[in-house]
Amino acid sequence: QVQLVESGGGLEQPGGSLRLSCVASGSFSSINYMSWYRQAPGKQRELVAIIAWGGSTNYADSVKGRFTISRDNAKNTVYLQMSSLKPEDTAVYYCYANLRSSVTGTHVTYWGQGTQVTVSS
């Protein structure tokens, strides 16, 4: 069984910074990519940033230049450094992973439970 455990959310003032972490644990042979999504109240879940385990990244236009996604291969962990936060960044942030199963060798996907980020003065 695989688990994704997120941490690092909370309340921050506009212009502030937060760092989210997501650790993948359990039985899998490798990570293909991991990403962060967010869902604000009344809105659809949207992709924020994605990182391939080789290191390439991509970002939503709304967060480019403010957010940075990174990973620690040895710890099976992905991070989202969020800076210059805006009220519109308020949402539940979800970690998503595309992994290679250690049993079948196929790609399998998992979601974390989500962590709340609130940006408000």
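The basis for the numbers below is simple: all heavy atoms, side chains too, and nothing from hydrogens, waters or symmetry mates. Starting from 1, each residue takes its place in the sequence as its number.
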Separation between [atom1] of [X] and [atom2] of [Y], rounded to the nearest 0.5 Å:
| X | Y | atom1 | atom2 | value |
| --- | --- | --- | --- | --- |
| Ser17 | Leu85 | OG | CG | 6.0 Å |
| Gln3 | Ser27 | CD | OG | 13.0 Å |
| Ser25 | Lys75 | OG | NZ | 14.5 Å |

(request) Let me see the working for Val2 and Leu99 under side chain to side chain contact (heavy atoms under 4.5 Å, CB included), right down to the final yes or no. (result) CA-CA 9 Å; Val2 174; Leu99 312 175; 3.6 Å; yes
(request) Please lay out, stage by stage, how Met34 and Leu4 fare under the test side chain to side chain contact (heavy atoms under 4.5 Å, CB included). (result) CA-CA 10 Å; Met34 293 182 74; Leu4 301 181; 4.2 Å; yes
(request) Apply side-chain hydrogen bond (donor to acceptor under 3.5 Å, both in side chains) to Thr118 and Ser120, showing your working. (result) CA-CA 6 Å; Thr118 302; Ser120 174; over 6 Å; no
(request) Keeping the roles fixed (side chain from Ser29, backbone from Arg100), state whether a donor-acceptor pair exists under 3.5 Å. (result)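 Checked: pair present.
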(message) Would the distance check show the side chain of Thr104 and the main-chain N or O of Ser101 forming a donor-acceptor pair, the cut-off being under 3.5 Å?
(response)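 Checked: no pair found.
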Heavy atoms, side chains only, cut-off 4.5 Å: are [X] and [Y] in contact?
| X | Y | result |
| --- | --- | --- |
| Tyr110 | Phe28 | no |
| Thr77 | Cys22 | no |
| Glu12 | Val117 | no |
| Ile69 | Tyr59 | yes |
| Leu80 | Tyr93 | yes |

Taking every non-hydrogen atom, the tightest pair across [X] and [Y]:
| X | Y | answer |
| --- | --- | --- |
| Val5 | Gln113 | CA-OE1, 4.0 Å |
| Gln39 | Lys43 | NE2-O, 3.1 Å |
| Thr90 | Val119 | OG1-N, 2.9 Å |
| Gly114 | Glu6 | N-OE1, 2.6 Å |
| Gly10 | Leu18 | O-CD1, 3.9 Å |

(message) Show, in sequence, the C-alpha distance, side-chain angles and deciding distance for Gln81 and Ser70, and conclude whether the side chain to side chain contact (heavy atoms under 4.5 Å, CB included) test is met.
(response) CA-CA 8 Å; Gln81 178 66 48; Ser70 62; over 6 Å; no
(request) Assess whether side-chain hydrogen bond (donor to acceptor under 3.5 Å, both in side chains) is satisfied between Arg45 and Tyr37, documenting all intermediate values. (result) CA-CA 6 Å; Arg45 192 172 297 190; Tyr37 284 75; over 6 Å; no
Is there a path of hydrophobic side-chain contacts, each under 4.5 Å between heavy atoms of I, L, V, M, F, W or Y residues, that connects [X] with [Y]?
| X | Y | answer |
| --- | --- | --- |
| Val108 | Ile31 | yes |
| Ile50 | Tyr79 | no |
| Val92 | Leu47 | yes |

(request) Under the side chain to side chain contact (heavy atoms under 4.5 Å, CB included) rule, what do Ser56 and Ile51 come out as? Steps first, then yes or no, please. (result) CA-CA 6 Å; Ser56 60; Ile51 184 165; over 6 Å; no
(message) Can you confirm if the aromatic rings of Trp36 and Phe67 lie within a centre distance of less than 6.0 Å?
(response)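 Ring-ring flag for Phe67/Trp36: false, centres at least 6.0 Å apart.
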(request) For atom CD of Glu88, decide whether the heavy atoms of other residues, nucleotides or ligands shown that lie under 6.0 angstrom number more than 12. (result)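 Enclosed.
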(request) Can you tell me which residue pairs pass the salt bridge (charged side-chain N to carboxylate O under 4.0 Å, His left out) test with a partner in residues 51-66, sequence neighbours excluded? (result)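 Every salt bridge (charged side-chain N to carboxylate O under 4.0 Å, His left out) pair that includes a residue of residues 51-66, provided the two are not neighbours, is Asp61-Lys64, Arg66-Asp89.
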(message) Looking at Tyr94, I'd like to know if the NZ or CZ of Arg38 sits under 6.0 Å from its six-membered ring centre while staying within 45 degrees of the ring's axis.
(response)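 Output no; distance or angle outside limits.
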